[in-house]
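Beneath this line is the structure, given in C-alpha cells, with notes to follow.
Predicted model, so just to flag it, every value in this text is computed and none were measured. In what follows, chains carry the letters A, B, and so on, assigned in the order in which the sequence lines appear, proteins first and then strands, with residues in each chain numbered from 1. Side chains included, hydrogens not; waters and symmetry mates left out as well; all remaining heavy atoms used.
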Amino acid sequence: MLSALATVAAAVVAACSTPPTPPAEVPGGDPARGAQLIAELGCGSCHSVPGVRDAHGLVGPPLDHFGRRAYIAGELTNNGANLQRWIRDPQSVEPGTAMPNLGVSEIDARDIAAYLLTLE
Amino acid sequence: MTTTSAQAVPRAVAVARLEEQWREQRSLRSWFATVDHKRIGRRYLVTAGAFFGLAGIDALLLRTQLARAGGDVLSPDQYNQLFTMHGTAMIFLFATPMLFGFGNALVPLMLGARDMAFPRLNAFGYWVFLFAGLIMFSSQFLGVAPNGGWFAYVPLTDLPYSLGRNLDVYTLGLIFLGVSTTAGAINFIVTSIKLRAPGMSLNRAPLFVWAIVATSFMVLFALPALNAANALLFLDRRFGTHFFQPDAGGNTLLWQHLFWIFGHPDVYIIVLPALGIVSAILPAFCRRGVAAYPLVVLATITIAIISFGVWVHHMFATGLPSLSLSFFSAASVLITIPSGIQVFAWVATMLFGRIVVRVPLLFVVGFIVTFVMGGVTGVMFGITAFDMQITDSYFVVAHFHYVLFGGAVFPIIGGLYYWLPVLTGKMASEVLGRWAFGLVFGGFHLTFFPMHLSGLLGMPRRVYTYPTGLGWDPWNLLSTIGSYVLAVGLLLVVLSVVLAVARGPRAAVDPWGGDTLEWAATTPPRPYNFASIPQVFGLHPAWDRRTLSRLETDEVLPGHQALLTSELDARPQRLVSMPEASLRPLLAALALLVVVLGLLWAVYWLAIAGVVATIVVVVGWLWPPQLTRAEAEAA
Amino acid sequence: MTGKLFTESTAPEALAAEPAPRSTGWWGMVGFVTTEAALFAVLLGTFFYLRFQHGEPWPPREIERPQLTVPLIMTAVLLPSSLPVVWAERGIRRGQRWRLRLGLAATIVMGLTFLSLQVMEYQTKLREFTFTTDVFGSLFYAITGFHGLHVAVGLLILSWVLAASLRGSFSSHKHERVSLAAIYWHFVDLVWVAILFTVYLSQHL
Amino acid sequence: MTTIRSTARGRRLGPAFSWFGVVGGAVAWSVHLIAAWAVDELTCGAGRATVAGVPLVAVMWVAVIVPALVTAAALAVSALVWRRESAAARQRADRGYGRTGMLGLVGLGANALFLSIIVAGGAAVLVLPVCQP
Amino acid sequence: MAAVLVALCLAGCAGSAPSTLDTAGTGARRVEGLWWFMFWISVVAVLEVLLLLGWALWRRRRDTRVRAGDAMPFVGVLGVGLPFIVLVAVYGVGLRDLNALIRPPAGPELSIEVIGHRWWWEVRYPDTAGAITANEIRIPVNQTIRIRLTTADVQHSFWVPQLMPKTDLIAGRVNETWLHAERIGTFRGVCAEYCGLQHANMSLIVTVQPEEEFTAWLRDLAAPPARDLTEQQRRGQAVFEAAACGACHTVRGTTATGTIGPDLTTIGSRWSLGAGAAPNDKGHLGGWIVNPQSLKPGNQMPPQPVPASDLPDLLSYLETLR
C-alpha cells in the first residue's frame with residue numbers, strides 16, 4: 001500500500017512540476033511541447049522515453065540520458081542541429097536505418113530535440 | 001425441568017460450579033480445540049477482517065492504476081488478477097464470513113442459548129473457511145490468482161482460453177469454502193429453530209435472528225448452484241468434459257444461469273444479515289423497538305424468496321427472448337417493496353423514538369443514505385431496456401458498491417462498534433469513531449459517486465487502462481483520491497478497535513441499553529452465556545423486568561447442558577448435553593485441505609489419501625458413546 | 001361437509017396447533033438433505049437445459065439412446081432397500097437390536113448389489129462412449145457417478161451404524177443416529193428415481 | 001363474535017391451512033417463473049413457436065394465470081387467518097400479535113406481493129412477442 | 001443536491017465522450033429518455049428519505065417522548081403504497097421501451113456481420129461480396145441496419161453507447177441487434193464484456209455517413225481501385241508479400257489472404273491500431289509491426305523483425321492501403 005501511495009504522490013508531483021528549461025543547444029525549443037509530440041508521433045512504440053506516457057517500446061534503442069549521449073545513431077555527434085536533422089530525415093543520415101521518416105516539420109523537430117536533450 | 005437436587009444448592013455455589021465446568025485452559029491445545037461460539041465468532045471477524053484488508057489493498061492498487069489515462073502501475077495480467085481477487089475475496093472471503101462471524105458471536109446470546117446447536121461443526125466451519133481463504137490468497141502472492149472476473153464467465157475461463165492453475169484455484173477454492181458456508185447455515189437454522197429461550201415464539205424472535213435464518217435458508221438453496229457450476233467447470237478443464245463447450249454440445253449460457261442462480265441470492269445473503277444488524281442497533285439508540293416488526297419480518301422473508309427469481313437480470317444483454325427477461329424484470333423491480341418496507345420501518349423508528357447519537361447510529365444513518373441511493377439505481381437495473389444500455393459499465397460498479405459497501409460494510413462497522421463490549425468487554429473511543437465515520441462516509445461517496453458518471457459517459461468496467469480525452473479522466477482521478485480517503489477512514493476503524501482492545505476502558509454491563517438478550521448477560525458474557533436459561537415474555541427481553549428478575553433468581557442450569565424448545569412457540573422440550581472442546585474439527589478440516597490441494601496440484605493419490613483421512617476423522621468424531629450398563633440393561 | 005371441515009380447521013386454536021417437536025439432529029440432517037436435493041435439482045436441471053438447448057438429434061452424434069434393462073433392474077434393487085431400514089428403525093425403537101442389525105445388513109447388501117450393477121452398466125457404456133465423447137457422455141457419467149458416490153457414502157454411514165450397534169450402541173431410548181442415517185438413505189433412494197427418469201426414461205419419450 | 005370450536009381433525013389440518021396462507025403464493029410464483037422462463041427460452045432457442053402443438057403464447061398464459069389463481073387462493077386463506085386471529089387477539093389480554101396472527105399478516109403481504117409480480121409478468125405477455133423477431 | 005448538479009452538468013461537460021446522455025441513435029435515445037424519467041423519480045425518492053432522516057435527527061434528539069404506538073400506517077403508506085405505484089409506473093414505461101428496442105423503426109435495409117475476436121472486431125458486409133474491414137463500421141445515416149453478432153472465441157459484448165444498448169456475442173449463438181443513426185458523425189464503441197488480457201483495448205468506431213458517401217466507400221472496400229505506387233511503395237509491397245504478413249492478413253488484390261488477423265485492405269485509413277491500442281500513424285505503425293507486444297501486451301500478433309532497411313518501405317506501402 002505504501003508503494004501505491006508513493007506512486008500516486010509521484011503522479012501528482014509529476015503533473016504539477018514546472019516544465020524543464022530548454023537546453024542551450026536548441027534555441028527557442030519548447031521541451032514540453034516536444035514531449036507531447038513524441039507521444040503523438042508514436043516514438044514510444046519503438047523507443048522507451050522517460051517522462052512520456054506509454055513510451056516503452058523495445059524496437060529501437062532506449063532514449064534515457066539522451067542529453068549525455070555522444071553520437072546519434074552511431075553516425076553524427078550529438079548536438080542540437082544534428083539531432084534535428086536526424087529526426088526530420090533519418091534515411092539521409094543513415095541509409096537503410098529502420099527508423100522511418102515521419103514527416104516532422106522544422107518547428108516540431110526543434111521542440112522534440114529540445115526535449116530529448118533535457119534527458120540528462 | 002431440572003433435577004430437584006440442584007435447588008438445594010445455593011445459587012452462588014451453583015454458578016461457581018458452572019464456571020469450573022465451562023472454564024477453558026489457557027493452552028495451545030485448548031486454543032485449537034475450542035468450540036465456544038463467541039471465540040469462533042471473534043475468529044471469523046478477525047480473519048474476515050484481514051481478508052478485507054488484503055482485498056482492500058488490491059482495490060487501492062486498481063484505483064492507483066486508473067488514476068490517470070494510460071496508467072502503468074500494473075501490467076494487464078496483474079490488473080486482471082487483482083480485480084478478480086478483489087471481487088472474489090470481498091464477496092466470498094469477507095462479506096459472508098464477516099456476517100457469519102456476527103451471527104456466531106451473537107445468535108446464541110440473542111436466543112438465550114448456551115452455544116450453537118452443533119458447536120463442533122461450528123469450529124469445523126471456521127477452520128475450513130480459514131484454509132480456503134489461505135489457498136485463494138496465497139495464489140495471489142504466487143502470481144496464479146484467478147483472472148476471469150469474479151463471475152468467471154466461460155468460455156474465457158474454460159480451455160483453451162485459460163491455461164494455468166488460476167481458475168482451478170477459483171473452482172476448488174470456492175467449493176471448499178462452500179463446505180464451510182453450508183455447515184454454518186445449517187447450524188444457524190437449527191440453533192434458531194431449536195435453542196430459542198422458552199417463550200420466544202416466532203413472533204418474538206429478534207430481527208437479526210430472522211435475517212440470519214433467512215440468509216441460511218438462502219445458502220442451502222443457492223450454494224448448490226455455485227458448487228455444481230464450479231464442479232462442472234473443473235471437470236471441463238481437468239478431465240475434458242464438455243458442459244460449457246458449444247462445439248461438443250455444451251452451452252456457455254448454462255454457466256451464466258448457474259452462476260447467477262447462486263449469485264443474485266448471494267447479494268441478499270450478504271445484505272440481509274447486515275440489514276438485521278441495523279434492526280438490532282436501532283432500538284438502543286432510538287429508545288424503542290423497530291417499528292412495524294411484522295412488516296420487517298415479512299420483508300426479510302419475501303426478500304429471501306424473491307431474490308431467487310431475479311437472476312436473469314444479470315443476463316439482459318445476452319439476447320434471450322425479451323418476454324422471458326420480463327418475468328425477471330417484474331421480480332427485480334418489485335423486490336424493492338420489501339426493501340422499502342425496511343427502510344421506512346427504520347426511519348419510522350427514528351421518527352417515533354428519542355434519538356441518542358453515538359458512533360453505531362452514525363454508521364446506521366450513513367448506511368440508510370447509501371443503501372437508498374444504491375436501491376434506486378438497483379430499480380433502474382431491473383428495467384431491461386436501461387440495463388442493456390448501462391450494464392457492464394462503471395455505473396454498475398458504482399451501483400453494487402453502493403449496495404454492498406453501503407448495505408453491508410456500513411452496518412458491519414456499526415455492528416462492530418455496537419457489539420465491541422460483547423465481543424471484547426471494551427468500549428471504543430467515541431471521538432476516533434466519529435472521525436472514522438466521517439472519513440469512511442466521505443471517502444466512500446467520493447470514490448463511488450463519480451463512477452455513476454464515468455459509466456453514463458460510456459466507460460466499460462474491468463478495463464486496465466483507458467484513453468484520455470473521452471471525458472473520463474476527472475471522474476477517475478476523483479475516485480482514486482476518494483479511495484485513499486476511504487482507506488484512511490477504514491484504518492481509523494481498525495485503529496480504534498485495536499486501541500480499545502489494548503487499552504480501552506472496560507465496558508459497563510449493557511452500556512447502550514440494548515433490547516435483546518445479549519445485553520441481559522454479563523458484558524462480556526461468560527463462556528456459558530447464561531447461568532439460568534432466560535424466560536421471554538415479549539419482543540424486547542432485555543427491557544423486560546420479568547425476564548431480568550427471573551435471570552437473577554431462576555435456578556441455575558448445571559453442566560454442559562442446553563434446553564431444547566419447540567420450533568414455533570418455543571415451549572420447553574428437553575435438556576440435551578453439549579459437546580466438549582475437541583481437536584477433531586480441526587483435523588477434519590486439515591484432511592479436507594489435503595483433498596483440495598491434491599486436486600489442485602493434480603496429485604491424485606494425495607487427494608485420495610485426504611478422502612480416507614477425512615472419513616477416518618469423521619467416523620471417530622461421530623462415533624456414538626457406548627451405552628452405560630444401566631442403559632444397556634434398560635434396552 | 002367441506003364447509004364444516006373448513007370451519008374446524010381455521011379455528012384459531014387449530015391454526016395455532018404445533019406439531020410434535022423434533023431433535024436438533026433431525027433438523028440438521030433435514031437441512032443437509034435439503035441442500036443436497038437442491039444440488040441434484042441443479043444437476044438434473046442442467047441436463048434438461050443442455051438437452052433442450054442442443055435440440056435434435058439427442059443424444060448428439062453417435063451415442064444411442066440408453067438401454068433400459070439394466071437401469072430398471074438397478075431401480076428394482078435400490079428402491080425397496082429403504083424398507084429394511086424402516087423395519088430396522090422400528091425395531092430399535094422397541095429395543096430389538098437384532099432387527100436393527102438384520103435390517104441394516106439387508107440394506108447394505110442391496111446397496112452393494114446396486115453399485116455392482118452400476119459398475120457393469122459402466123463397463124458396457126464405456127465401450128460405447130466416455131465422458132469426453134460429447135456433452136451427453138459428460139452428463140451421463142457426471143450425474144450417475146455423483147449419485148453412485150452418494151450411494152457409497154450412504155453405505156458407509158449404514159455400515160458405521162451397523163458396526164456401532166454390533167459394538168453395543170443404540171437402545172430403545174438412544175437411537176437418533178439410526179434415524180438420521182435412515183433419512184439419508186431414503187434420500188439417496190428417492191433421488192435415484194429422478195435420475196432414472198432424467199437420464200434414461202426421458203430419452204425415450 | 002362467537003368463538004369457533006375446533007376438533008382434533010381441525011387441529012391436524014389447521015397448520016396446513018396456516019402454512020398454505022404463508023407460502024402458497026411463494027410456491028406458485030416459483031412455479032410460474034421457472035415454467036414461463038424455461039419454456040420461453042428453450043422453445044425460442046430451438047426456433048419453434050409451439051410446445052407439443054400448443055402455441056407458445058397459450059402456454060405462457062397458462063403459466064401466468066394458473067399460478068395467479070393459486071396465489072389469489074393463498075391470499076384469501078391468509079386474509080381469513082388474519083381476520084380470525086385478530087378477532088381472537090381482541091379477546092386476549094395483551095392484544096399483541098400472536099404467532100399465528102403474525103404469520104397471517106406475513107402471508108397477506110407476501111401473497112399480495114407475489115400476485116403483483118405474476119400480474120406484472122402477465123402484462124409483459126400482453127405487450128411483447130413470445131420470441132424475438 | 002450536489003449530486004443533481006453534477007449529473008445535470010454531465011451532458012454539457014461530456015465533450016467527446018461516448019456518452020449515453022448524448023445520443024445519436026434511435027435505440028439509445030429512447031433509453032436516454034427512460035434514464036431521465038427514472039433519474040427524477042430517484043432524486044425525489046432519495047430526497048424524501050434524506051428529509052425524513054434529517055427531521056428525525058434534528059427533532060427527535062430534543063423531543064424526549066417516545067411514541068410507543070406501532071408505526072404500521074406510516075410504513076404502509078410511505079414504504080408500501082407509494083413505492084408500489086411508482087414501481088408499477090416505472091415497470092410499465094420500461095416495458096414500453098423494451099418493446100421499442102426489439103422493434104426497429106423501419107425494415108432493415110442493410111445487414112452487417114460483426115465477429116468478435118480476442119481482441120478486435122471483424123466487420124463484414126455480407127450483401128457486398130468481399131467487403132470486410134476491422135474495428136470500424138460505416139453505416140448510412142437514417143437507415144436501419146441489422147447487425148448479426150457472433151464470436152470466434154470467448155464472450156464479448158457490442159456496445160456503441162450513443163447509438164444502441166449493448167448485445168452480447170456468445171459462443172455457439174447468433175445474436176442480433178440493430179443500429180439507426182439519426183445524425184452524421186463518428187461514435188466510439190467498446191467491448192463491454194470482460195474478454196481477457198486486452199479487454200481494455202477492444203474498441204471500434206462507427207462512422208455515420210450520407211448515403212452516397214457510404215455507397216462509394218463500400219464499393220471501394222469490396223473492390224479496391226488500382227493504386228499508382230511509387231518506387232519505394234512497390235518495394236514495400238514486395239516486402240509485405242515476402243514477409244509472412246499474408247499468412248494472417250488479407251489485402252484484397254494481392255497474394256495476402258490470411259484470415260487470422262484483421263483484414264488490412266484499408267489499413268491506411270483506419271482510426272487506430274490494435275482496436276484502440278494506439279493511433280494509426282507511421283510512427284506507431286512501425287513500432288507495432290516490429291514489436292506489437294509493447295503497445296498491446298498479449299495480443300495475438302507475434303513480433304515481425306523485418307530487415308531494418310525494409311521497414312520504411314513497408315510503412316510507405318501500408319499507408320497507400322486506403
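- When all heavy atoms of D/L113 and B/P338 are compared, the closest pair comes out as CD2-CD, 3.8 Å.
- Side-chain atoms of B/F327 and D/I117, non-hydrogen and from C-beta on, never get closer than 4.5 Å to each other.
- Contact record, B/S324 with D/D40: N-OD2, 3.0 Å, taken as the closest heavy-atom pair.
- Contacts of B/I306 with chain D are made by both backbone and side-chain atoms, with heavy-atom separations under 4.5 Å.
- Looking at heavy atoms from C-beta onward, B/P321 lies out of side-chain contact with D/V130 at the 4.5 angstrom threshold.
- In this structure, D/A120 and B/L334 approach most closely via the heavy-atom pair CB-CD1, 4.5 Å.
- You'll find the side chain of D/V125 reaches within 4.5 Å of the side chain of B/L323, heavy atoms only.
- Using a 4.5 Å heavy-atom threshold, the side chains of B/R204 and D/M102 count as separate.
- With contacts defined as side-chain heavy-atom distances shorter than 4.5 Å, the pair D/L33/B/F308 does not qualify.
- Taken to the nearest 0.5 Å, the CG atom of B/L568 stands 7.5 Å off from the CG atom of D/L103.
- Both the backbone and the side chain of B/I305 come within less than 4.5 Å of a heavy atom in chain D.
- Here D/C44 contributes atom SG and B/L320 contributes atom CG; the two are 9.5 Å apart, rounded to the nearest 0.5 Å.
- Summarising the geometry of D/A110 relative to B/L298, their closest heavy-atom pair is N-CD1, 3.3 Å, with the distance given to 0.1 Å.
- Options B/L253, B/V312, B/L202 differ in how many heavy-atom pairs under 4.5 Å they form with chain D, and the most are formed by B/L202.
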